[in-house]
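One structure is given here, and the rest of the page talks about it.
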Amino acid sequence: MQISTLYLLFTLFALTSTNEAMAGIWFENEVSEHEKPTISRVAIFDDHIQAGMSTEVEIFVTVSGTLDVNSELTVTAEISNQGKVEILDDGKGRDIRENDGEYSRLVNVDASSLSHGDRIPVTIKAISEERELASVPIELKVHKYPTNAELDLSNTIQGPEGITYSANYILMQITPGTDIKKIEAIAARANTEITKWYPSDNCYVLRLPKTASSYDELSAYVNLLKLEPSVESARTTMMVVGRLDDS
């Protein structure tokens, strides 16, 4: 049986009840140390913004090249709907060492008035003595469902071979490009509710209307989802690392 990385990771999250922030590398460019300073990398942790609220992200920028010893470099992020913020090379966050050319800052991105599918333009700039050295435009995508929701994993049931499963959640992987309203309709037809989203595999965590009392009851929801053309896969969620339901 081949084990998907996504489901193995989900199992690990179930054991720890935590979810590491996902990173989006939005820009990467190889720069020689002898070139003039420019932005060589931009990454955002977690780069998926939830609609209707403010989401905290960490902006991480690498500036490469040689700067005049008498010059100072400033890195900023201009977020279209909320203004400009300076990104710091102060040894905090993912910037491990101070003054090492890596800049990092936690920023709250406001999507309180935005909807699923909206995009937030952000421009990363490197500036020296009021002169712009480099500029990288990116867009953050707004999604309706959270990527970091806490799941109630206290209820479990025993399945085949004595394997333990979550009695409240199942997983549904959707064909890329499927409209969010269609995804919600699929979940509703199975009498389930979307509670979380894993962007890397376009997978949704679905909450059952009530705690399943048996593995057969749990499997009935999965089998309903498997009838949907837009569902690439539907699975029960195991609570043991390295062993996953492949039925």
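Computed over heavy atoms, backbone and side chain alike; hydrogens, waters and symmetry mates excluded. A quick note: this is a predicted structure, and the numbers were derived from the prediction, not measured.
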ask   = Could you go step by step and tell me if Q50 and T55 meet the side-chain hydrogen bond (donor to acceptor under 3.5 Å, both in side chains) rule?
value = CA-CA 6 Å; Q50 188 176 350; T55 300; 5.4 Å; no
Can you find a pair of side-chain heavy atoms, one from [X] and one from [Y], that are under 4.5 Å apart?
| X | Y | result |
| --- | --- | --- |
| V109 | Q82 | yes |
| R207 | I170 | no |
| V75 | V63 | yes |

So, taking the atom named [atom1] in [X] and the one named [atom2] in [Y], what distance separates them when rounded to the nearest 0.5 Å?
| X | Y | atom1 | atom2 | result |
| --- | --- | --- | --- | --- |
| S112 | M53 | OG | CE | 10.0 Å |
| I124 | S135 | CD1 | OG | 8.5 Å |
| N168 | L206 | CG | CG | 12.5 Å |
| E193 | E184 | CD | CD | 10.0 Å |

task = Would you please test E72 and S128 for side-chain hydrogen bond (donor to acceptor under 3.5 Å, both in side chains) and show each step?
result = CA-CA 6 Å; E72 292 187 2; S128 177; over 6 Å; no
query = Looking at A167 and L208, what are the two nearest heavy atoms and their distance?
reply =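 Minimum heavy-atom contact is O-CD1, 3.7 Å.
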ask   = For T178 and T175, which heavy atoms make the closest approach, and how far apart are they?
value =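 Minimum heavy-atom contact is OG1-O, 2.6 Å.
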query = Between S154 and D152, does any side-chain donor sit less than 3.5 Å from a side-chain acceptor?
reply =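 On atom types as modelled, these side chains qualify, holding a pair under 3.5 Å.
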query = When you check the side-chain N and O atoms of D110 and S54, is any donor under 3.5 Å from an acceptor?
reply =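 There is no such pair between these side chains.
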message = Under 6.0 Å from the ring centre and within 45 degrees of the ring axis: does the NZ or CZ of R94 meet both conditions for the six-membered ring of F45?
response =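 Judged by the rule, R94 and F45 form a cation-pi pair.
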task = Check the angle between the aromatic planes of Y165 and Y215 and answer parallel, tilted or perpendicular using the 30° and 60° thresholds.
result =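 Geometry flag for Y215 against Y165: tilted rings.
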Looking at [X] and [Y], does any basic side-chain N land under 4.0 Å from a carboxylate oxygen?
| X | Y | result |
| --- | --- | --- |
| K92 | E58 | no |
| E86 | R105 | no |
| R97 | E102 | no |
| E132 | K125 | yes |

inquiry  = Quick check: F60 with Y103 (ring centres under 6.0 Å apart)?
reply    =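 Not under 6.0 Å, so no.
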